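Input: a single structure, listed below in structure tokens.
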Amino acid sequence: MDQEKKYELVPDAEARFMGRVVHRICAMRDFGCVCAGDIGGFVESEDNLSQEGEAWIYGDAVVCDHAKVFENASVYNYAQVLGNASVYNDAVVAGNASVFGNARVYGKSKVHGYASVYEQAEVGGLATVTGNASVCGEATVNGVTCVTDRATVCGSADLYEGAEICGEALGCI
């Protein structure tokens with residue numbers, strides 16, 4: 001027997017986002033902290049949010065293009081996940097953060113504030129990217145690490161276990 005759908009697109013609850021039509025979602029069954037009938041954020045299509053796991057898009061967050069949110073990941077507030085980006089495992093993208101390009105956010109990592117992760121960058125493990133920080137290029141931020149304030153990690157830079165970059169720092173290789 002097929003499992004009941006986790007959510008559906010809400011009829012007549014469309015918005016325009018960067019020239020695209022996005023649709024509000026509504027939970028069809030209880031899962032995680034979400035109850036049947038809860039209204040979620042916006043997707044361009046059902047391909048953007050998995051029908052499996054506990055992944056959810058909250059508030060006015062938007063996931064569009066070919067971006068995917070799956071497993072137990074959460075996207076909150078006004079966050080945006082675009083392009084071919086992926087947010088998965090137990091990762092959280094919140095606030096006004098943006099994840100785009102081919103970026104990946106995974107593990108138990110958090111990207112929030114006005115932070116951005118883009119191009120082929122990866123943020124994983126227990127990493128936190130916050131404030132107006134950016135992770136871009138082919139950079140990897142993983143483990144118990146923190147990128148905050150207006151710091152930028154770019155190029156092929158790798159930050160692991162216990163690293164912290166903050167202020168107006170620029171970490172590029």
Side-chain angles (χ1 to χ4, degrees), residues 6-7 17 22 25 27 30-35 38-149 151-154 156-166 171:
K6 178 168 75 175
Y7 71 92
F17 176 79
V22 291
I25 57 175
D30 295 350
F31 58 93
C33 296
V34 177
C35 297
D38 284 356
I39 300 298
F42 293 93
V43 296
E44 187 170 9
S45 79
E46 286 191 21
D47 293 335
N48 300 127
L49 176 64
S50 175
Q51 289 283 357
E52 299 175 5
E54 296 181 4
W56 191 242
I57 302 165
Y58 297 85
D60 288 320
V62 176
V63 180
C64 63
D65 298 323
H66 299 288
K68 295 190 184 303
V69 177
F70 56 101
E71 293 177 350
N72 299 316
S74 300
V75 182
Y76 289 92
N77 310 114
Y78 299 96
Q80 302 169 7
V81 182
L82 316 168
N84 292 308
S86 297
V87 180
Y88 56 100
N89 296 140
D90 296 304
V92 173
V93 179
N96 289 288
S98 296
V99 178
F100 57 98
N102 293 308
R104 297 185 326 146
V105 178
Y106 56 92
K108 293 186 181 218
S109 60
K110 293 179 176 64
V111 178
H112 56 95
Y114 287 88
S116 56
V117 179
Y118 57 101
E119 294 171 343
Q120 283 77 35
E122 295 185 17
V123 175
L126 295 170
T128 299
V129 181
T130 187
N132 288 304
S134 296
V135 179
C136 57
E138 295 177 2
T140 300
V141 176
N142 206 324
V144 182
T145 57
C146 184
V147 180
T148 187
D149 298 330
T152 299
V153 177
C154 59
S156 329
D158 292 326
L159 288 182
Y160 290 96
E161 286 309 320
E164 185 173 326
I165 184 166
C166 57

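Along the sequence shown, the residues carry numbers beginning at 1. Reckoned from all heavy atoms, side chains included, excluding hydrogens, waters and symmetry mates. Small disclaimer: the values here were computed from a predicted structure and weren't measured.
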Distance col, row Q120:CD vs C136:SG, nearest 0.5 angstrom, shows 10.5 Å

TODO: Compare all side-chain heavy atoms of Y58 with those of D38 and state whether any distance is below 4.5 angstrom.
DONE: no

Contacts of D60 meeting salt bridge (charged side-chain N to carboxylate O under 4.0 Å, His left out) (sequence neighbours excluded), chain-then-number -> R24

Checking K68 side chain against S86 main chain: does a donor-acceptor pair fall under 3.5 Å?
no

Kindly assign one of parallel, tilted or perpendicular to the pair W56 and F31, based on the angle between their ring planes and the thresholds 30° and 60°. perpendicular

Rounded to the nearest 0.5 angstrom, the CG-OG distance for D47 and S50 is 10.5 Å

- List the steps, then state whether side chain to side chain contact (heavy atoms under 4.5 Å, CB included) holds for F100 with D65. CA-CA 10 Å; F100 57 98; D65 298 323; over 6 Å; no

Taken in chain and number order and not counting sequence neighbours, the residues that satisfy ring pair (Phe, Tyr, Trp, His ring centres under 6.0 Å) with Y88 are F70, Y106

Nearest heavy-atom contact between C35 and A27 is O-CB, 3.5 Å

Sorted by chain and residue number, the salt bridge (charged side-chain N to carboxylate O under 4.0 Å, His left out) partners of E164 (sequence neighbours excluded) come out as none

Contacts of E122 meeting salt bridge (charged side-chain N to carboxylate O under 4.0 Å, His left out) (sequence neighbours excluded), chain-then-number -> R104

Practice item. May I have the step-by-step check of side-chain hydrogen bond (donor to acceptor under 3.5 Å, both in side chains) for T148 and T130, ending in yes or no? Key: CA-CA 5 Å; T148 187; T130 187; 5.0 Å; no

Between N72 and E54, the two heavy atoms sitting closest are OD1-N, 3.1 Å

Residue set satisfying side chain to side chain donor-acceptor pair (under 3.5 Å) with E46, at least two apart, ordered chain then number -> K5, Q51

Heavy-atom count check: over 12 atoms from other residues, nucleotides or ligands less than 6.0 Å from F17 CZ? yes

Strictly distance-based, threshold 3.5 Å: is any side-chain N or O of E71 a donor or acceptor partner for the main-chain N or O of N89?
yes

Between F42 and I57, the two heavy atoms sitting closest are N-CG2, 4.1 Å

Nearest heavy-atom contact between N48 and S45 is OD1-N, 2.8 Å

By side chain to side chain donor-acceptor pair (under 3.5 Å), N96 pairs with (sequence neighbours left out) Y114

Worksheet item: Any side-chain donor-acceptor pair under 3.5 Å between S134 and T152?
Response: no

Please confirm whether the backbone N or O of L49 pairs with a side-chain atom of Y7, one donor and one acceptor, at under 3.5 Å?
yes

On a heavy-atom basis, the closest approach of V141 and A127 is CG1-CB, 3.7 Å

When every non-hydrogen atom of G137 is compared with those of E119, the smallest separation belongs to N-OE1, 2.6 Å

